[in-house]
A.B. asks: 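Here it is: the structure, laid out below.
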2 protein chains.
Amino acid sequence: MVEIARQADAVHRTRTPLSRARVLSAAVALADEGGVDALSMRKLAQVLGVVPMALYKHVANKNELLDGMIDVLVGEIDPPVADADWKTAVRLRVLSARRMLLRHPWASGVIEARMKARAAPTPVVMEYLDSMIGIFRAGGFSLDLVHHAMHVMGSRLLGFSQELFEDGAGREPDPDALPPEEMAARYPHITELAMAVTHDEGSVVGSGCDDQYEFEFALDLTLDGLARLLP
Amino acid sequence: MVEIARQADAVHRTRTPLSRARVLSAAVALADEGGVDALSMRKLAQVLGVVPMALYKHVANKNELLDGMIDVLVGEIDPPVADADWKTAVRLRVLSARRMLLRHPWASGVIEARMKARAAPTPVVMEYLDSMIGIFRAGGFSLDLVHHAMHVMGSRLLGFSQELFEDGAGREPDPDALPPEEMAARYPHITELAMAVTHDEGSVVGSGCDDQYEFEFALDLTLDGLARLLP
DNA sequence: ATCATGGGTGTACGCCGTACACCTGACAAG
DNA sequence: CTTGTCAGGTGTACGGCGTACACCCATGAT
């Protein structure tokens, strides 16, 4: 009994004290494995070896936790490179953002959801947007044009353009999946496209498409479109 | 007591029987007012004057409910116009999708979330995508090019390109909002842009920007970019 | 007359976020 | 050295959620 007490004490003594930073990074880690649904205040507390309510001494509530996690992620995006023309600067930055989002697949959903819910983005996000605008401005964009540019880039600014129909490993299984022939009959164009893309006859939907290439293709298309609008 | 029984019976008799369609449209209505957070199986059941578990006779679970709601919404998008060149056909369709999404502001989030979770889109969404591909194909796009095109359009295909920083009425209030001068110091480019956009000195962030114009600007930019790639 | 069945009911379980009261140990002031 | 403050961890509890499971009952086929 004394042993137990001593050990408990030892554990207590060993445990590095909680902190906002520790909470946030544990939350990110928890979301990284198991997706955002696996992130609950209770599970997070358990991972940190602490009682759930302890977290509330470091984050106001779950939404603020999510905001903090977003800040952590945005902090992972490379700063803009110096000495580059605006197009490559934007390009590099967006690709860096994309890499971050590929490391944290749950992030785009959380970012979008929180962006819609919050009155204003967090300071960290604000600074990201600000410096992005700065790149355009330094590249000679008028205020009007940079405004349009930000809208054009839209979600690509943060590194994602919804991969709407994507390979789909690890998704919910589809009970009523169609046999290929019925597929071809009902959705001739999808099927045709899928066949052309996957030259091996794998699962008809989506695989075999180089996402990175597609992403850069789209990114460059819009960047070139913007470049043509410069005086 | 007999009265009560009779009245209950009358209610019972009056109530039009549940059906998947009735459940789905009630769910959409419930989400329309109060956002997607206000949509719970329990509240939905209450609206329909029924016990929660009754819903499960018509939808397998909440995710399937959401999928059904998406189908309802996609069904609201205008079919492609006949006798139009590909560009205007795509343009009109996407603008119709956008109108639907403005009617149901919660929809884009749900669509994105469910698209990520499901193995394959529902048949209704598949048909939408299929016919969209069909428009491009009829316009002379090669398979490769229409593939790129679908990626380029990305979320715009469904009528939304995240309005990342948007006017923000009805959002969570921001406790630590900055005074304008500090705003200008920390985020010079955002401030400059915001000042240029809102010619009246309203709240510095975002208002006074014509979303519809921006959306069409971006849409046309990408459509023009695609047009330049045609042989 | 019987019986199967589709659709509504009731109860119960385990999860969730978090309000609120409490404790405790470190540290500053006297 | 005492005393008081207080940041930070604890324990309990509440209301809401999705949904499994057992049930009942009216309808219509046999």
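Computed from a predicted structure; not experimentally measured. Order of the sequence lines sets the chain letters (A, B, ...), proteins ahead of strands, with each chain counted from 1.
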A.B. asks: Applying ring pair (Phe, Tyr, Trp, His ring centres under 6.0 Å) to A/H189 and B/F136, what does each step give before you reach the verdict?
C.D. replies: CA-CA 10 Å; A/H189 299 108; B/F136 281 116; over 10 Å; no
A.B. asks: Taking only side-chain N and O atoms of B/H58, does any of them lie within less than 4.0 angstrom of OP1 or OP2 on C/dG6?
C.D. replies: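 Answer is no, no contact under 4.0 Å.
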A.B. asks: In whole angstroms, how far is the C1' atom of C/dT9 from the CG atom of B/L55?
C.D. replies: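 In whole Å, C/dT9 C1' lies 12 Å from B/L55 CG.
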A.B. asks: In whole angstrom, give the distance that lies between atom CG of B/L66 and atom C1' of D/dG18.
C.D. replies: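 Distance check: B/L66 CG to D/dG18 C1' gives 12 Å.
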A.B. asks: Rounded to whole Å, please give me the gap between CG in B/L39 and C1' in D/dG16.
C.D. replies: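 Spelled out: CG on B/L39 to C1' on D/dG16 is 14 Å.
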A.B. asks: Just how far, in rounded Å, is P of C/dG17 from CG of A/L44?
C.D. replies: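 About 10 Å, once rounded to whole Å.
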A.B. asks: Side chain of B/K57 only, please: which of D/dG9, C/dC16, C/dG7 is the nearest?
C.D. replies: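 Ranking D/dG9, C/dC16, C/dG7 by closest atom to the B/K57 side chain puts C/dG7 first.
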A.B. asks: Give me the ring orientation class for A/H151 and A/H147: parallel if the planes are under 30° apart, tilted from 30 to 60°, perpendicular past 60°.
C.D. replies: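 The rings of A/H151 and A/H147 stand perpendicular, inter-plane angle above 60°.
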A.B. asks: Side-chain contact test, heavy atoms from C-beta onward, threshold under 4.5 Å: evaluate it for A/D67 versus A/D71 and give yes or no.
C.D. replies: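 In short, these two side chains do not touch, never coming nearer than 4.5 Å.
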A.B. asks: Expressed in angstrom and rounded to an integer, what is the separation of A/L18 atom CG from D/dT10 atom C1'?
C.D. replies: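 Interatomic distance, CG of A/L18 to C1' of D/dT10: 13 Å.
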A.B. asks: From C/dC16, D/dT19, D/dG9, pick the nucleotide closest to the side chain of B/N61?
C.D. replies: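 For B/N61, the side-chain atoms sit closest to D/dT19.
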A.B. asks: Would you mind reading off the distance between A/L65 atom CG and C/dG17 atom P, rounded to a whole angstrom?
C.D. replies: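 Distance check: A/L65 CG to C/dG17 P gives 9 Å.
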A.B. asks: What's the closest nucleotide to the A/M41 side chain, out of C/dT18, C/dG8, D/dA20?
C.D. replies: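 Between C/dT18, C/dG8, D/dA20, the one nearest the side chain of A/M41 would be C/dT18.
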A.B. asks: Check whether any side-chain nitrogen or oxygen of B/K43 sits under 4.0 Å from OP1 or OP2 of D/dC17, and answer yes or no.
C.D. replies: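 So the side chain of B/K43 is within the cut-off, an N or O lying under 4.0 Å from OP1 or OP2 of D/dC17.
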A.B. asks: Can B/D78 and B/R99 be counted as an ion pair, charged N to O under 4.0 angstrom?
C.D. replies: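 Yes, this pair counts.
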A.B. asks: Let's see if you can work this out: which of C/dG8, C/dT18, D/dG18 has an atom nearest to the side-chain heavy atoms of A/M53?
C.D. replies: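 For the A/M53 side chain, the nearest candidate turns out to be C/dT18.
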A.B. asks: Nearest to the side chain of A/K62, which nucleotide is it out of D/dG11, C/dG17, D/dG18?
C.D. replies: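 The nucleotide sitting nearest to the side chain is C/dG17.
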A.B. asks: CZ of A/R42 versus P of D/dG11: gap in Å, rounded?
C.D. replies: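 After rounding, the reported distance stands at 14 Å.
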A.B. asks: Figure out the OH/P separation between A/Y56 and C/dA21, and round it to whole Å.
C.D. replies: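 A/Y56 atom OH is separated from C/dA21 atom P by 17 Å.
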A.B. asks: Salt-bridge test for B/R20 and B/E64: reply yes if a basic N is under 4.0 Å from a carboxylate O, no otherwise.
C.D. replies: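 The answer is yes: the pair qualifies as a salt bridge.
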A.B. asks: Quick check for you: among C/dC16, D/dT12, D/dG18, whose closest atom lies nearest to any side-chain atom of B/S40?
C.D. replies: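 Side chain of B/S40 sits closest to D/dG18.
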